[in-house]
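Since the structure comes first, as structure tokens, the remarks are kept for the end.
Values below: every heavy atom of this structure, side chains too, minus hydrogens, waters and symmetry copies. This structure is a prediction, so every number in the text was calculated from the model and none was measured. First the proteins, then the strands, lettered A, B, ... as listed; each starts at 1.
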Number of protein chains: 2
Amino acid sequence: MASRSADSRTGNGSPPAVDAVSLAIIEQLQEDGRRPYAAIGKAVGLSEAAVRQRVQKLLDQGVMQIVAVTDPLTVGFRRQAMVGINVEGDLDPVAEALSAMAECEYVVMTAGSFDLMVEIVCEDDDHLLETINKRIRTLPGVRSTESFVYLKLKKQTYMWGTR
Amino acid sequence: MASRSADSRTGNGSPPAVDAVSLAIIEQLQEDGRRPYAAIGKAVGLSEAAVRQRVQKLLDQGVMQIVAVTDPLTVGFRRQAMVGINVEGDLDPVAEALSAMAECEYVVMTAGSFDLMVEIVCEDDDHLLETINKRIRTLPGVRSTESFVYLKLKKQTYMWGTR
DNA sequence: CCCCCAACTTCGGATTCAGTCGCATCCAGG
DNA sequence: CCTGGATGCGACTGAATCCGAAGTTGGGGG
């Protein structure tokens with residue numbers, strides 16, 4: 001029962017370990033997020049209902065989500081950049097502020113010569129400049145930034161766990 | 001008609017501009033990749049079949065894909081890093097080699113003090129070291145690398161075009 | 001003016017989804 | 001060893017959804 005208390009923890013404990021069958025289900029849905037439960041069941045050796053229950057649980061637990069992902073260029077976002085940021089003092093408030101910005105697609109705290117790295121998705125050069133210069137660099141605690149404008153996206157997969 | 005010939009091009013011409021209705025459909029599927037076509041139709045003002053046809057075309061054209069995305073930590077990948085790379089000569093062969101590696105989730109050519117930036121997803125420290133030290137740094141043309149190990153992922157969305 | 005193409009709607013049948021039930025298995029405690 | 005509770009699975013049923021085909025409309029281009 002003492003071990004039970006650990007179960008309620010959100011993420012990085014041992015309990016939420018996804019078993020091999022659920023991994024196989026995830027792989028199926030990574031190929032096609034709309035694949036019918038029956039087809040998945042046949043592929044992984046489970047009944048349709050069992051697959052449905054597992055998928056529902058995986059979604060509820062936040063282990064995976066099923067979403068549409070788009071090519072930014074074709075939906076009108078022509079400028080992207082990775083921005084490395086150095087911060088003075090506590091990282092959290094800066095990370096929170098960045099996360100609240102719609103243009104920040106990706107915010108991560110890192111070890112190395114940057115404290116934070118942020119991926120920015122913008123419509124055009126003006127939008128990108130405005131975002132970096134007026135909104136990020138003016139955040140309290142931001143000491144310096146370095147931008148890496150995207151020239152060409154060569155690979156982008158969503159296949160974690162498919163190895 | 002001369003402009004017509006450009007239509008056959010894969011991606012970055014003007015033609016594949018996604019109209020407002022398709023954008024609305026994409027937004028629906030970004031919220032829930034399995035939402036029924038009828039529900040989407042009601043939301044965007046189209047019949048169920050019309051939505052289905054548009055979704056199929058968007059998928060065929062590669063404008064979007066519907067996939068399951070997972071939290072790397074919960075499926076056994078505990079070490080991630082962004083790696084900035086400087087290259088000697090042509091970037092393409094290096095980018096190709098990186099794209100072929102399963103551990104490289106994300107490969108992009110950039111302007112700035114790195115030529116390439118790559119996101120690496122690994123199971124543990126050994127795997128990460130092996131990947132960076134033995135497989136990336138030994139690629140012909142790679143002049144230098146700089147690694148940014150992830151300490152905490154603060155935000156990760158898939159909402160391009162939902163603004 | 002007519003033809004053609006693209007996109008939409010309607011429609012019916014096959015499939016799939018969403019609950020619910022009972023059963024087998026597994027563990028903890030008596 | 002045996003019992004009680006919880007969990008995960010397969011089977012079943014009605015309702016919703018998916019899917020292909022066919023018919024309709026509207027707008028260029030010849």
Indicate yes or no: at least one non-hydrogen side-chain atom of Ile136(A) is less than 4.5 angstrom from one of Thr145(A).
yes
Nearest-Å distance for atom pair CD/C1', residues Gln53(B) and dT17(D)
16 Å
May I ask you to evaluate whether Arg52(A) reaches the phosphate of dC9(D), defined as a side-chain N or O under 4.0 Å from OP1 or OP2?
no
For atom CD1 of Ile25(A) and atom P of dG8(D), their distance in whole Å:
12 Å
Using the closest heavy atom to pick a nucleotide of DNA chain D for each, name whichever of Glu48(A) or Ala39(B) lands nearer the 5' end.
Glu48(A)
Separation of dC17(C) atom P from Leu59(A) atom CG, nearest Å, is 13 Å
Find the distance Arg35(A):CZ to dC19(D):P and express it as a whole number of Å.
13 Å
What contact category does Ala50(A) fall into here, base, sugar-phosphate, or nothing, at under 4.0 angstrom with non-hydrogen atoms?
sugar-phosphate
Leu46(A) or Ala49(B): which one's nearest nucleotide on DNA chain D is closer to the 5' end?
Leu46(A)
Using whole Å, report how far OH of Tyr37(A) lies from C1' of dC18(D).
14 Å
What's the closest nucleotide to the side chain of Pro36(A) if the choices are dT9(C), dC17(C), dC9(D)?
dC17(C)
Can you tell me how far P of dC18(D) sits from CG of Asp32(A), to the nearest Å?
13 Å
On the ring face of Phe114(B), is Arg143(B) found with NZ or CZ under 6.0 Å from the centre and within 45° of the axis?
no
Could you please name the option among dT9(C), dC17(C), dC8(C) that lies closest to any side-chain atom of Arg54(B)?
dC8(C)
Taking all non-hydrogen atoms of both residues into account, name the closest pair between Ser22(B) and Arg54(B) and its distance.
OG-NH1, 2.7 Å
Give a yes/no on whether any side-chain N or O of Arg34(B) is located under 4.0 angstrom from OP1 or OP2 of dC17(C).
yes
Report, as yes or no, whether the 6.0 Å neighbourhood of atom CZ on Arg78(A) holds more than 12 heavy atoms from other residues, nucleotides or ligands.
no
Under 4.0 Å between a Lys/Arg side-chain N and an Asp/Glu carboxylate O for Glu96(B) and Lys154(A)?
yes
Reckon Lys57(B) has a side-chain N or O less than 4.0 Å from the OP1 or OP2 of dA6(C)?
no
